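It should be emphasised that the depicted structure is a prediction, and the values quoted were computed from it without experimental measurement. Each chain gets a letter, A, B and so on, in the order its sequence line appears, and its residues count up from 1.
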There are 2 protein chains.
Amino acid sequence: MNLKQLSALLGLSQTTVSRALNGYADVSAATRARVLAAAEAHDYRPNTRARALATGRSGVIGHVIPRINTHAMVNPIFADFIAGAGETYSQAGYEMLISVVDDGEEEKAYRSMKRRGLVDGLVVSAPRMNDPRIALLDEIGLPYAVHGRATGADRPYCWVDVNNRRAFARATDFLIDLGHRRIGLINGMETMDFAHRRRRGYEEALRARGLAVDAALTRQDEMTEGYGWRAARELLALPDPPTAFLVSSVICMLGVRRAIEEAGLMLGRDVSAITHDDQLSYLRDDGPVPTFTATRSSVREAGQRLARMVIDRIDTPQVPHAHELLEAELIIGRSTGPAPR
Amino acid sequence: MNLKQLSALLGLSQTTVSRALNGYADVSAATRARVLAAAEAHDYRPNTRARALATGRSGVIGHVIPRINTHAMVNPIFADFIAGAGETYSQAGYEMLISVVDDGEEEKAYRSMKRRGLVDGLVVSAPRMNDPRIALLDEIGLPYAVHGRATGADRPYCWVDVNNRRAFARATDFLIDLGHRRIGLINGMETMDFAHRRRRGYEEALRARGLAVDAALTRQDEMTEGYGWRAARELLALPDPPTAFLVSSVICMLGVRRAIEEAGLMLGRDVSAITHDDQLSYLRDDGPVPTFTATRSSVREAGQRLARMVIDRIDTPQVPHAHELLEAELIIGRSTGPAPR
DNA sequence: GCCAGTTTCAAAAGCGCTTTGGAAAGCTCT
DNA sequence: AGAGCTTTCCAAAGCGCTTTTGAAACTGGC
């Protein structure tokens, strides 16, 4: 059933049926009701491709995931973020397109998407420091919003980010309040903007309390369980080991806990640790008192907000660039306690 | 730059340019070269929407993720699976569309996708027993392939699956060879077809060796770290506890290890455990000897193969339904050893 | 009863591509 | 040289929608 058939069936022109369906004013209430009823009865849906061609808008928003050589490390955040964004899209009548792009081909991919009219807008993920994609997309003329910020990008752009600096500063501060003086940082890769900001928060908080930053107490790498374990093990083996850790993700934290327990220590008593918790659905920390003290911020919610932001950007490009800085909650769990003396 | 402009520029008709670009025979080699060069020079890309409208094919393949109430549990497998499928799609010139659909609205969503001409085909994930989606999609007339199988579905359909039954049977057998007689099963939700098959493999292997199946030794739930921990803790607390575990996912396994270590036991010596390992990129078990003995099968590869299968299904619907049964490797790591006496 | 203004609808022109159905030119062969 | 092919190109129709433009019908005021 297409528009032509539907309008023939109703004895109306395609114009009228189309305008009735799309809520224009110049169709009488009676006709509109008749049209709506018929559309419902025959379960008519306008053909997406035809509509897209006619309107010049595809109703699709793209997410690009770069494929780094063959063993692309997929971001564990990805699934929940997508789920959040997808919810907003489907409510707003948009579709989500995910494109896996060979690393280094990103520019080509963006240009191609624009030329082919594939998408109306884009979501940029995992920004690095001085990320070149921002200037590129402005040049191409594709609306977009960034999940995170790119330190060094000097032009305005839309973003949703967690206040990583403050979250880690607060966590550090909290550990200092508990009496900890040697605090290790088990960070993500610091080419990633978020990790860079977390380190800043950590260092600022230490300095603000008159504590020295000891580079020997920090690590950075891809956030796996094994990395958390290795890093914590190494740090605990130091002559003057930290009594507390700041950890970049729950997956890492699982490894950190393992190292602590292996060392015959008890998490939350002998050693404290705070992790950042993106509230990934398959790692949820249930129970009345959470296992881990954490700076918590839902990445799913970030996905929702970012989706909304791109849509707004598409609809009203003249409006100034929007920003949302989400504050992470500091949730006290059982992995922190006063520093042992 | 569109077709019209490009052909005007070349002094050719749109027909000729279009046919040259699409590799038809009735255009001379000289003209084709000229067209190709011009297209390259101006970076011409045919408009996706227009092409889709003209050909009746969208070049898009859909993945539906159901949203169960508000706390949709996102499958941890999702990201890697999508990455695998996406790689194949982009090589084959397809795009991937992901649609988040409220649970219970799936049928409506499928029908709508078909009517709107949104997608050329679909990938069905996480089949349950007697999954109704298979009959539904046949009725709707949308090509599809299933990631996994649906016990009870009596019609032919395309699928890619891991031989879960055999994998768990082999793992069980291996544990029995090591002298284990009481083996616990920490399974996923058995409404899921894969979990059902794993249990079958486990039970068959036990019976084949003359061992009784003890329902008290099995658990099923959503596969989180906390669940693994709780399940292992409970089982270890039994009067006659198991000496080995079969575990459904690496995330669970992290919890199982924790419970074992907490009980003052050593994994691989006092208690053995084998997990299924989907080779999720952010949980990769690196190192020369893997930490966990595992039945290993790359979910990313499954994604690749399934994508290929849907594409084939779209291109050649008359061909009989394809199946691929991937065998999981049994990889020996450090989490198994002879049963203690 | 007529004019201006408002409602309500329809014809037709796109959107940018593919594809059908020729037509013109070039070739071979007798 | 003309019939019959083959090769190479093109005009135009069509995919299913939206949107512009304009016409018909209806309204009220005088």
Side-chain angles (χ1 to χ4, degrees), chain A residues 1-36 38-39 42-60 93-95 112-120 314-315, chain B residues 1-36 38-39 42-60 93 95 112-120 315:
Chain A
M1 172 72 56
N2 60 23
L3 225 211
K4 195 172 180 178
Q5 295 166 341
L6 183 63
S7 48
L9 199 122
L10 281 160
L12 290 168
S13 74
Q14 291 190 40
T15 312
T16 304
V17 176
S18 170
R19 295 183 73 85
L21 256 22
N22 290 319
Y24 283 74
D26 66 348
V27 37
S28 71
T31 319
R32 163 158 316 164
R34 215 157 62 85
V35 170
L36 255 30
H42 297 83
D43 196 23
Y44 166 77
R45 301 291 159 94
N47 182 296
T48 314
R49 310 188 285 248
R51 160 180 281 179
L53 182 56
T55 58
R57 305 178 43 161
S58 64
V60 173
Y94 275 87
E95 301 294 336
S112 159
M113 284 183 160
K114 168 72 173 181
R115 292 210 111 93
R116 292 187 295 158
L118 234 199
V119 299
D120 295 338
I314 293 169
D315 290 343
Chain B
M1 172 73 55
N2 59 23
L3 226 211
K4 195 173 181 178
Q5 295 166 339
L6 183 64
S7 48
L9 198 123
L10 281 160
L12 290 168
S13 74
Q14 291 189 40
T15 310
T16 305
V17 177
S18 170
R19 295 182 74 85
L21 256 21
N22 290 318
Y24 282 73
D26 65 349
V27 38
S28 72
T31 323
R32 160 156 312 143
R34 213 158 62 84
V35 170
L36 254 31
H42 296 83
D43 196 24
Y44 166 77
R45 301 291 160 94
N47 182 296
T48 314
R49 310 186 286 248
R51 162 179 279 180
L53 182 56
T55 58
R57 305 177 43 160
S58 64
V60 173
E95 301 295 337
S112 159
M113 285 184 159
K114 169 69 173 185
R115 294 210 108 93
R116 292 187 294 158
L118 233 199
V119 299
D120 294 339
D315 290 343

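- With sequence neighbours left out, the side chain to side chain donor-acceptor pair (under 3.5 Å) criterion links B:S7 to no other residue.
- Legend: residues meeting side chain to side chain contact (heavy atoms under 4.5 Å, CB included) with A:R45, ordered by chain and number and at least two apart, are A:D43, B:S112, B:R115, B:R116.
- Pairs passing the salt bridge (Lys or Arg N to Asp or Glu O under 4.0 Å) check and including a residue from residues 16-29 of chain A, sequence neighbours excluded, read A:R19-A:D26.
- The side chain to side chain donor-acceptor pair (under 3.5 Å) test applied to B:R51 returns B:N22, not counting sequence neighbours.
- Contact check of residues 21-33 of chain B against DNA chain C (heavy atom, cut-off under 4.0 Å) returns B:N22, B:Y24.
- Scanning for side chain to side chain contact (heavy atoms under 4.5 Å, CB included) contacts around A:T31 gives A:L12, A:T16, A:V27, A:S28, A:V35, with sequence neighbours left out.
- When DNA chain D is scanned in the 5' to 3' direction for atoms under 4.0 Å from non-hydrogen atoms of chain B, the outermost contacting nucleotides are D:dT8 to D:dG16.
- At least one side-chain heavy atom of A:H42 sits less than 4.5 Å from a side-chain heavy atom of A:M1.
- Here A:R19 lies in heavy-atom contact (under 4.0 Å) with a base.
- Within the 4.5 Å cutoff, no side-chain heavy atoms of A:V60 are placed close to those of A:L118.
- With hydrogens and angles ignored, the 3.5 Å screen pairs a side-chain donor or acceptor of B:D120 with a backbone N or O of B:G59.
- Across residues 53-60 of chain B, B:A54, B:T55 each have a non-hydrogen atom less than 4.0 Å from an atom of DNA chain C (numbered order).
- Using modelled atom types, no side-chain atom of B:N47 and backbone atom of A:G117 make a donor-acceptor pair closer than 3.5 Å.
- Between B:L3 and B:V17, some side-chain heavy-atom pair lies under the 4.5 Å cut-off.
- Comparing B:L12 and A:T16, the nucleotide of DNA chain D nearest to each residue sits closer to the 5' end for B:L12.
- Every residue meeting the side chain to side chain contact (heavy atoms under 4.5 Å, CB included) condition with A:A38, not counting sequence neighbours, appears here in chain and number order: A:L6, A:L10.
- For DNA chain D, none of the residues of residues 1-10 of chain B falls under the heavy-atom distance limit of 4.0 Å.
- Axis deviation across the helix from C:dG1-D:dC30 to C:dT30-D:dA1 amounts to 50°, comparing end segments of five pairs, rounded to 10 degrees.
- Residues forming a side chain to side chain donor-acceptor pair (under 3.5 Å) with A:T48 (at least two apart in sequence, or on another chain): none.
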